[in-house]
Amino acid sequence: MISTLTPQPVERAEPARTGAAPGRRTRVLALPEARWATAATVFFLLALPLQLTGAPAWTWGPLYALSYATGGWEPGWEGLKALKERTLDVDLLMVVAALGAASIGQVMDGALLIVIFATSGALEALATARTADSVRGLLDLAPATATRLTPDGGEQTVPVEELAVGDTVLVRPGERVGADGRVLDGASDVDQATITGEPLPAAKEPGDEVFAGTLNGTGALRVRVERDASDSVIARIVRMVEEASETKAPTQLFIEKVEQRYSLGMVAATLAVFLVPLAFGEQLTDALLRAMTFMIVASPCAVVLATMPPLLSAIANAGRHGVLVKSAVVMERLGQVDAVALDKTGTLTEGSPRVTDVRPLPGSGLDEAALLTLAAAAERPSEHPLARAVVDAARERGLDLPGAEDFTSAPGVGVTAVVNGRGVAVGAPARLLDGTGSTVTAVAEELEESGRTAVLVLVDGTPAGLLGIADRLRPDAAATVAALTTLTGTAPTLLTGDNPRAAAHLAAEAGIDDVRAGLLPQDKLTAVQEMEGAGRKVLVVGDGVNDAPALAAAHTGVAMGRAGSDLALETADAVIVRDELAAVPTTVALSRRARRLVVQNLVIAGVFIAGLVVWDLAGNLPLPLGVAGHEGSTVLVGLNGLRLLRETAWQRAAAEGSA
């Protein structure tokens with residue numbers, strides 16, 4: 001079917017770049033754990049000098065009691081609930097130890113234990129909250145309300161949650177887009193950096209897709225809503241983050257299983273440490289004090305805290321750099337991969353066609369600039385991706401495009417128009433030539449052999465030249481392939497549904513030798529299963545619906561977020577929101593750093609526990625030193641894990657990935 005239109009050029013003004021997306025940062029005292037820990041610390045600091053200066057007990061005793069109550073009620077209550085479910089909680093053991101210390105006159109020591117234990121719990125809660133802050137800072141983008149257009153032409157300001165598929169919304173200059181949809185009318189430049197990472201605003205015209213939370217430029221847009229608020233790109237990513245908070249890494253789950261048996265054993269050992277010396281004539285107070293000290297120093301708090309802070313910190317750091325890791329399980333698994341399979345279009349390549357060759361034919365009387373000018377002028381009214389590539393190429397060269405008249409477009413064939421009084425046709429050589437023109441055919445075959453799509457330009461019915469169009473390799477693709485090869489010890493494999501010639505040409509540019517082309521989705525799945533069956537832990541990176549089965553079957557799947565299909569984004573374990581391929585090896589390296597910190601923390605915790613236990617059993621470990629040593633080790637491993645929140649951690653991971 002032939003369509004005819006009169007083009008109307010639109011002048012676009014580039015909007016000023018705005019700052020980052022609105023972020024949120026949890027205040028320390030907004031956390032109940034922090035408030036209770038602060039209260040316990042304040043009461044302790046008020047009581048301590050009174051006791052040390054010899055003030056009457058009635059002045060400092062109630063303050064210590066308040067310190068016990070504010071710092072210990074929450075862990076004690078949680079411990080009792082766990083005990084009701086026949087689970088022995090470490091928190092409850094700490095409260096019992098503190099009360100035991102108070103019962104034998106060591107009120108200050110027990111209060112110190114409560115304060116330090118409450119503070120370490122507040123630190124863990126703060127680390128978790130800041131992790132959510134860092135990730136949600138990328139997601140807290142969509143406006144609260146939108147302007148919905150009514151059928152009679154009126155306007156309604158409604159919450160974005162009330163928008164339904166099919167509604168039309170008005171996005172004024174400078175406003176954020178309220179819903180995922182498609183432009184019906186208007187033209188503007190939209191800043192999509194917070195969603196896609198594009199450095200420049202993207203031109204939006206009728207038919208273009210826009211995303212909730214992106215910032216409109218100087219033009220007004222009428223947008224038809226295509227997704228409910230709950231299904232927008234932002235909403236899907238939010239769900240991924242919420243799912244992340246509900247999962248724990250395998251190491252953590254293993255420790256929790258060990259913790260139960262360890263805690264039961266520790267209770268039995270504490271009773272033995274109390275009863276055996278008592279049976280041999282030791283004083284009750286001394287035996288009880290030694291047993292309380294033993295229970296405190298042998299408690300596995302530091303071991304339990306060794307695992308999650310490094311993984312949560314790594315998730316937060318990756319989130320700040322546009323990589324959304326869905327869970328601590330995924331962050332741990334990323335560091336285990338030893339093989340990589342990459343998709344081609346939209347993953348190794350930019351996913352948008354670009355003009356790579358301009359070939360005027362002998363006798364046409366045109367040079368490259370003149371040929372491209374005529375082709376771009378004829379293609380400018382067209383919405384076809386290849387047409388946009390031709391127009392973009394002309395604009396990149398600074399060519400002035402004359403107006404086109406009598407424009408027509410035939411799907412599958414090409415376009416025709418009158419440019420400066422000359423009839424210009426642009427389209428597929430096979431359709432425009434009807435099988436004639438040996439010279440044109442030879443040039444077209446040469447372009448296609450090198451992985452390009454050949455486009456013929458006719459001027460007044462005579463072949464004037466050909467354009468070669470291809471999906472350009474990402475600038476960081478070759479470096480990413482080299483980095484992944486260094487990290488895993490083997491070069492990545494290219495899995496693509498494209499034709500073998502185009503795939504081989506692009507793979508050579510990227511430095512990939514193992515190329516598997518012409519694959520259907522089930523073929524990609526089979527390839528990944530074969531690699532997994534050979535004992536490899538495969539990382540698959542893709543973006544399309546045809547990649548989803550492979551993403552699901554892989555040890556770990558990563559989706560490119562800019563043009564990733566809904567299915568790929570849901571199936572993948574992590575999403576590269578900013579579409580920076582180089583973030584993949586950096587995240588793998590960051591995961592490995594997190595795993596090393598977990599092992600480091602377990603060693604630190606084990607050394608502290610063993611040393612303090614031996615000191616208590618073989619010597620005479622003072623209770624305050626036992627409390628300080630045990631809780632100090634807990635705080636130490638927690639802070640050690642938080643090191644991965646720093647910007648330098650990402651920079652070092654990037655350097656490690658590129659080494």
Side-chain angles (χ1 to χ4, degrees), residues 18-27 30 129 131-186 188 190-197 202 204 206-217 219-246 319 322 324 326-327 559 561-572 575 577-578:
T18 59
R24 63 177 70 169
R25 187 174 177 83
T26 300
R27 296 180 180 179
T131 298
D133 292 343
S134 298
V135 177
R136 288 182 182 276
L138 298 171
L139 310 175
D140 195 8
L141 304 172
T145 61
T147 302
R148 181 168 60 191
L149 299 179
T150 59
D152 59 3
E155 298 181 4
Q156 293 178 331
T157 300
V158 298
V160 293
E161 294 81 6
E162 294 184 9
L163 294 177
V165 174
D167 284 350
T168 301
V169 296
L170 174 64
V171 185
R172 294 184 172 90
E175 290 185 345
R176 290 191 178 272
V177 180
D180 288 3
R182 198 165 298 276
V183 177
L184 293 177
D185 182 48
S188 183
V190 177
D191 184 351
Q192 301 185 145
T194 50
I195 297 292
T196 67
K204 297 296 181 181
D208 291 339
E209 187 176 16
V210 292
F211 302 103
T214 54
L215 183 64
N216 188 26
L221 300 174
R222 286 198 307 120
V223 177
R224 183 181 63 245
V225 177
E226 293 191 337
R227 295 191 186 96
D228 289 330
S230 60
D231 291 328
S232 69
V233 172
I234 292 177
R236 291 200 305 271
I237 297 175
V238 168
R239 286 199 295 271
M240 296 176 192
V241 177
E242 291 171 346
E243 290 169 3
S245 64
E246 298 174 358
L324 298 183
K326 292 186 180 180
S327 70
R562 177 181 176 184
S565 68
D566 293 351
L567 188 57
L569 293 175
E570 293 290 345
T571 304
V575 179
V577 175
R578 295 181 182 171

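Along the sequence shown, residues carry numbers from 1. Only a predicted model underlies this, so the values are computations on that prediction, with no experimental measurement involved.
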(message) Using modelled atom types and a 3.5 Å cut-off, is there a donor and acceptor pairing between side-chain atoms of Asn216 and backbone atoms of Glu175?
(response) no
(request) State, to 0.1 Å, how close Gly186 and Pro206 come at their nearest heavy-atom pair, and which atoms those are. (result) O-CD, 3.2 Å
(message) Going by the rule side-chain hydrogen bond (donor to acceptor under 3.5 Å, both in side chains), which residues pair with Glu161 if we only count those two or more places apart in sequence or in a different chain?
(response) none
(request) Taking all non-hydrogen atoms of both residues into account, name the closest pair between Val183 and Lys204 and its distance. (result) CG2-CB, 4.3 Å
(request) Mind checking side-chain contact (heavy atoms from CB on, under 4.5 Å) for Arg222 and listing every partner two or more places apart, or none if nothing turns up? (result) Leu149, Thr168, Leu170, Leu184, Asp185
(request) Applying side-chain contact (heavy atoms from CB on, under 4.5 Å), name anything that partners Val158, two or more places apart in sequence or on another chain. (result) Arg148, Gln156, Glu162, Leu163
(request) Check for a donor-acceptor pair, side chain of Lys326 on one end and backbone N or O of Ala572 on the other, with a separation under 3.5 Å. (result) yes
(message) Just to verify, which of Val169, Asp180, Val160 counts as forming a side-chain contact (heavy atoms from CB on, under 4.5 Å) with Val225?
(response) Val169
(request) State, yes or no, whether a side-chain contact exists between Asp208 and Val190 at a heavy-atom distance under 4.5 Å. (result) no
